[in-house]
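A short worksheet on the structure shown next.
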Amino acid sequence: MGNQYVKPERTGNSPYTRSGVPPPALVKTGDKPLHRVNDRMSLEMHMADERVRAAGLSAAEREWRKKWVHDQHLHADEPVVVDAVHRQLNPIRTAYRLPWDKFYLHYLKPTLGVYYGTAVRVTVPKLLIAFVTIQTAYYYWKYEVKDWQHLRGLESMPQKEVIVNKQTIDEKYPGLLDKGLANPEKDNYYTPTFAKRTAYLDVGETKRPW
């Protein structure tokens, strides 16, 4: 209450008020519950009644309380959301967020409200980014060339196999490693099924009229 606070004169012995005047008596005389569902033990006691809470206030305290209560009433234009105060974005983020921010202000917020509009504004762009990322990775994995001349795709370089007892295996089982291990040089660095392709077989001269 600042420097204008004046403590009221104490005229009673009640510990619940500043002036000592006891609060008005309630209908229920005790705090003991009646063992009913709708009659639990009260923790507010006499403070549950607003008039009782203000019973021991002086005139100055009542005036300050009145001003404080009126200050809790918001203006029709409040709360005012200043975007620059709550969010400091760099130019790149401002640029790619601009379409969805405009869509939120002009459509989502007036139509769905603040809560659901914000939920759509936050969720949908992230889902779209995740969908585009997954589709791009899938396309890159499925259609990109993966051979010794084009080291692209998710499987760009096969791991080199390490054989500990290579010399011993060659002595006991000659030719086993060549049959069991993949050797790109054997197929001229093409895929193993490249020599079995049927798309470019020489079928002789065509009998078509053109």
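Only heavy atoms go into these numbers, but all of them, side chains included; no hydrogens, no water, no symmetry mates. We count residues from 1, following the sequence as given.
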Item to check | Residues that Y107 engages under ring-ring contact (aromatic ring centres under 6.0 Å, His included), provided they are two or more places apart | outcome: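 Here the qualifying residues are F103.
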Item to check | Partners meeting ring-ring contact (aromatic ring centres under 6.0 Å, His included) with Y139 (sequence neighbours left out) | outcome: Y143
Next on the checklist: Please give me the minimum heavy-atom distance between G117 and L108, naming the atom from each residue.
Outcome noted: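 That closest heavy-atom pairing would be O-CD1, 3.9 Å.
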Item to check | Transitive ILVMFWY side-chain link V124 to Y115, under 4.5 Å | outcome: yes
Next on the checklist: Between V122 and L112, is there shared hydrophobic-cluster membership here, with clusters defined by ILVMFWY side-chain heavy atoms closer than 4.5 Å?
Outcome noted: no
Within the structure provided, determine whether [X] and [Y] are in side-chain contact (heavy-atom separation under 4.5 Å).
{"X": "R121", "Y": "R97", "answer": "yes"}
{"X": "R62", "Y": "K66", "answer": "no"}
{"X": "W100", "Y": "L128", "answer": "yes"}
{"X": "P99", "Y": "K102", "answer": "no"}
{"X": "V21", "Y": "R10", "answer": "no"}

Next on the checklist: Heavy-atom count check: over 12 atoms from other residues, nucleotides or ligands less than 6.0 Å from E9 CD?
Outcome noted: no
Checklist entry - Roughly how far apart are D170 CG and L177 CG, rounded to 0.5 Å? => result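 Between atom CG of D170 and atom CG of L177 there are 5.0 Å.
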Checklist entry - Rounded to the nearest 0.5 Å, how far apart are CG of D101 and NZ of K109? => result 11.5 Å
Item to check | Heavy-atom donor-acceptor pair, E61 side chain to S58 backbone, under 3.5 Å | outcome: yes
Next on the checklist: Under a 3.5 Å threshold, yes or no: a donor from one side chain and an acceptor from the other, between T118 and Y104?
Outcome noted: yes
